[in-house]
Amino acid sequence: MKIVTRFAPSPTGYLHLGHAYSALINFDQARAAQGRFLLRIEDIDQIRCRPEYDAAIFEDLSWLGLAWEDLVLRQSERMAVYEARLADLQDRGLVYRCFKTRKDIEQAMSAPHDAPVGAFRSVPLAALEERDNLLEGKPYAWRLSLSEAAKALGDGFSDLSFIEETKGGSTKTPADVERFGDVVLGRKDSGTSYHLSSVLDDAEQRVTHVTRGEDLREAAGLHALLYALLDLTPPVYRHHPLITGDDGKRLAKRDQAATLRAMQERGLTPDDVKALLP
Ligand code: GLU
């Protein structure tokens with residue numbers, strides 16, 4: 001089997017040391033196995049994505065010495081695919097419309113790195129109420145129904161897991177999908193979500209190994225559920241420790257000093273950056 005890895009940043013800020021870490025691990029893993037390394041631009045959030053961040057991804061990764069395959073998948077160009085797959089889930093009764101306001105659902109659709117606190121679960125509205133909401137033009141999101149997913153998968157639901165490679169070998173990690181509640185798969189604004197698009201794209205691009213920060217370990221459990229429901233083959237995962245700033249907190253895009261751009265401006269070389277990584 002040829003190893004296929006990927007780096008999938010969102011152009012919502014400049015890449016920082018944590019991104020460099022993920023990108024380099026994926027790149028090195030593919031290169032060591034004479035596999036393929038792909039770049040994917042996760043730009044579904046058209047409000048937060050900016051062209052200058054998009055361009056900077058290519059410049060900063062090149063500066064680091066990475067090379068990726070020519071074909072760069074852009075999620076904004078695949079909206080019709082996400083819509084079609086979401087429509088399949090609708091036909092199968094696995095998702096339902098949720099008219100809750102932004103404030104209600106804020107937690108549920110927060111950054112993929114933080115599992116929502118107090119996971120939200122609900123049921124579809126009664127047909128008449130739903131019709132009224134639709135007639136009023138109220139916006140809605142599509143939520144995955146965990147109870148319908150459990151019915152669809154039968155025994156497979158409680159056995160959901162993902163394969164994780166650690167230093168000690170390969171482990172089967174049980175998926176804790178309940179912690180996500182009825183997660184939003186089709187957002188009100190974009191019609192899709194990180195979880196749905198990422199799973200569909202990793203399958204489409206035949207990605208075999210996904211390495212990302214350990215803040216996304218729990219998300220791999222949710223993704224295991226989506227792979228099972230969509231009848232797709234999941235990748236193997238590796239999770240790396242998070243790079244923290246001077247305050248001990250995980251780096252975020254707002255930490256300007258840790259961006260590759262700022263480091264470059266301070267005169268650091270790619271080797272200096274690599275030396276800062278664990
Ligand atoms: N676009 C996501 C991010 O930047 C990708 C996460 C992933 O690798 O699946 O965090």
Side-chain angles (χ1 to χ4, degrees), residues 3-30 36-50 53-54 56-58 60-61 64 66 68 72-79 82 109-116 162-165 173 175 180 183-185 187 190 192-227 230 232 234-244 250-255 258-260:
I3 292 222
V4 184
T5 68
R6 52 65 161 183
F7 178 55
S10 302
T12 52
Y14 290 118
L15 299 183
H16 55 58
L17 208 49
H19 294 108
Y21 194 29
S22 281
L24 282 162
I25 295 175
N26 282 294
F27 174 72
D28 288 343
Q29 189 184 5
R36 302 169 57 207
F37 173 66
L38 310 176
L39 175 62
R40 179 166 80 227
I41 303 297
E42 301 211 323
D43 56 353
I44 54 173
D45 188 340
Q46 286 294 311
I47 296 173
R48 291 176 58 229
C49 291
R50 299 232 210 103
Y53 296 142
D54 202 305
I57 290 172
F58 292 79
D60 293 351
L61 294 179
L64 267 183
L66 303 198
W68 50 90
V72 174
L73 190 147
R74 225 165 240 288
Q75 292 194 323
S76 56
E77 291 169 1
R78 285 180 38 86
M79 294 310 229
Y82 310 138
M109 45 177 262
S110 61
H113 305 271
D114 304 301
F162 55 94
I163 304 291
E164 199 174 2
E165 281 180 355
T173 307
F180 288 90
V183 77
V184 171
L185 292 188
R187 284 167 44 161
S190 65
T192 183
S193 59
Y194 158 69
H195 299 297
L196 180 65
S197 306
S198 167
V199 160
L200 288 174
D201 289 348
D202 280 334
E204 166 75 21
Q205 297 191 285
R206 300 190 192 285
V207 172
T208 59
H209 291 71
V210 167
T211 301
R212 50 194 182 191
E214 63 191 5
D215 53 343
L216 282 168
R217 175 177 284 115
E218 297 294 346
L222 172 63
H223 296 180
L225 170 60
L226 296 180
Y227 282 109
L230 294 161
L232 297 169
V236 169
Y237 295 90
R238 286 186 192 178
H239 297 102
H240 63 69
L242 297 181
I243 307 282
T244 51
R250 152 164 86 83
L251 287 181
K253 286 186 172 148
R254 59 182 175 277
D255 295 317
T259 62
L260 299 180

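Start at 1 and go down the list; that is how both ligands and their atoms are numbered. Throughout, numbering of the chain's residues begins at 1 and tracks the sequence.
Ligand 1 lies less than 4.0 angstrom from a heavy atom belonging to R6. Taking a 4.0 Å cut-off on heavy atoms, F7 fails to register as neighbouring ligand 1.
Proximity of M79 to I44: side-chain heavy atoms (C-beta onward) are separated by under 4.5 Å at one or more points. T211 has its side chain out of reach of F27: every pair of non-hydrogen atoms, C-beta onward, lies at least 4.5 Å apart.
Residue H19 places no N or O, backbone or side chain, under 3.5 Å from any N or O of ligand 1.
Near R212, with a cut-off below 4.0 Å to any heavy atom, the atoms of ligand 1 are 7 (C), 8 (O), 9 (O). Close approach of ligand 1 to E42 is summarised as follows: ligand atoms under 4.0 Å from at least one heavy atom of the residue are 1 (N), 2 (C), 5 (C). Shown in contact with L216 at under 4.0 Å from a heavy atom are these atoms of ligand 1, numbered in order with element: 6 (C).
Ring pair F180/H223: centre-to-centre distance not below 6.0 Å.
Side-chain contact, D60 with Y53: no donor N or O sits under 3.5 Å from an acceptor N or O.
Between the side chain of T5 and the main chain of H209, no donor-acceptor pair closer than 3.5 Å is present.
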